[in-house]
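Shown next, in structure tokens, is the structure this report addresses.
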Number of protein chains: 2
Amino acid sequence: MQEHEAQFRNYLKNRGLKLTRSRALILNAAFTMHEHFDAEKLHDLVKHANISLATVYRTLPLLVNAGLIQLAVHSGRRDRFEHILGHPQHVHWLCENCKAVMETDLSSLLPALENEAKALKFDISQISLSIKGLCWKCKADVNESQ
Amino acid sequence: MQEHEAQFRNYLKNRGLKLTRSRALILNAAFTMHEHFDAEKLHDLVKHANISLATVYRTLPLLVNAGLIQLAVHSGRRDRFEHILGHPQHVHWLCENCKAVMETDLSSLLPALENEAKALKFDISQISLSIKGLCWKCKADVNESQ
DNA sequence: AAACTTGTTGCAAATGATTCTCATAATAAG
DNA sequence: CTTATTATGAGAATCATTTGCAACAAGTTT
């Protein structure tokens, strides 16, 4: 069994919830994805097994609480997620022009943050750093058109 | 005239938009607020002047684009904003238990970020760093109840 | 392995924040 | 003050997400 499946099974058992066929399929679909995904994209991957969109929506928060996925970027009207197991936390660079999302490592900032957390007596469970602006490509386009 | 009003007037004029009574009132209401606010909270402050919720929703993106307010935290289903003029960027610490939001200064992390931005040739327009977890108070409660 | 207890699912209807339509009103420019 | 636009209120429309409910499936117990 994969690590993420073991973790999910464990999470569910701890609170008397059941690992159903639907949940297992949805979990695996989420870990199939190599980019950000939303509920509908996930549903596309599992609807062949007759799994409803409602079940996808019901499973998503379980995966978040189990520490397996997280909300990635809040842009536009749909929630978009990404899986995080064995995936170091990172910075999202969101271009406001072409909507592209780049990622960089967060590790260089971690010590400073953990320091601050200690001062605040705050237990960190999730860090989300996103930066909006113009990517180099769009910046070039803007300059050209002037 | 306040600085934020001047900046808004300027933004609007640059694109042939009009500074109306409604927009001025909404802008001032936003700068009245000392905490995060959503569209409805803003509407509460201006509806006495017969301003509709639709107008509030139409004005919000103008204020964002004018660099006067920004999306603060995406938690729950409503967009929450905060004004940013003369307000240094900060970190949001969001307690997952009591939903309280604390803020700390972002300046200690800025140099590292600006460095990375330079490497990526990325023009930063807005930084949003939010950290979820447990605040000291809730952490204490959790320990007590064990 | 049959019976049970409890959580789960699909479906469809409900919700709720945000956006849009359209007829009327207000603004800036000339 | 006239004109050309843009803005507004009211309410309908959207659309992602939730929910109620009756049928089902998982894990447990006998």
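Residue numbers begin at 1 in each chain, while the letters A, B, ... track the order of the sequences. All values derive from a computational prediction rather than experimental measurement.
Remark: B/Ser52 is not in phosphate contact with D/dA10, judged by side-chain N or O atoms under 4.0 Å from OP1 or OP2. Note on B/Thr20: a side-chain N or O is less than 4.0 Å away from OP1 or OP2 of D/dT8.
Between A/Phe81 atom CZ and D/dT17 atom P the separation is 7 Å, expressed in whole Å. Across the protein-nucleic acid pair, A/Tyr57 atom OH and D/dT19 atom C1' stand 14 Å apart, rounded to whole Å. To the nearest angstrom, P of D/dT17 lies 12 Å from CG of A/Leu42. Atom pair A/Asp79:CG and D/dC15:P shows a separation of 17 Å (rounding to whole Å applied). With rounding to whole Å, A/Arg78 atom CZ is found 7 Å from D/dT17 atom P. When the C1' atom of D/dT8 is taken as reference, atom NE2 of B/His43 falls 12 Å away, rounded to whole Å. Look at CZ on B/Arg23: it is 11 Å from P on D/dG9, rounded to the nearest Å. Look at CZ on A/Arg21: it is 8 Å from P on D/dA26, rounded to the nearest Å.
Closest heavy-atom contact between A/Leu109 and B/Ala112: CD2-CB, 3.5 Å. In plain terms, the two heavy atoms of B/Ala24 and B/Leu19 that are nearest each other are N-CD1, 4.2 Å. Minimum heavy-atom separation, A/Leu53 to A/His43: N-NE2, 3.4 Å.
Position along DNA chain D of the nearest nucleotide to B/Leu62 versus A/Ala54 favours B/Leu62 as the more 5'-ward residue.
Nearest nucleotide to the A/Leu53 side chain, out of D/dG27, D/dT17, D/dA10: D/dT17. Picking from D/dA26, D/dT17, D/dG11 the nucleotide with the shortest atom distance to the side chain of A/Ala39 gives D/dT17.
With salt bridges taken as basic N to acidic carboxylate O contacts below 4.0 Å, one links A/Asp38 and A/Arg78.
Within the nucleic acid shown, A/Arg58 comes within 4.0 Å of at least one base atom, counting heavy atoms only. Within 4.0 Å (heavy atoms only), A/Asp38 reaches no atom of the nucleic acid at all.
Linking ILVMFWY side-chain heavy atoms closer than 4.5 Å, directly or via other members, places A/Met102 and A/Phe81 in two distinct hydrophobic clusters. Residues B/Ile131 and A/Ile131 are members of one and the same hydrophobic cluster, defined by side-chain heavy-atom contacts under 4.5 angstrom among Ile, Leu, Val, Met, Phe, Trp and Tyr.
Taking the 5' to 3' direction, DNA chain C first and last meets chain B under 4.0 angstrom from a heavy atom at C/dA17 to C/dA28.
A side-chain N or O of B/His90 and one of B/Glu82 form a donor-acceptor pair less than 3.5 Å apart.
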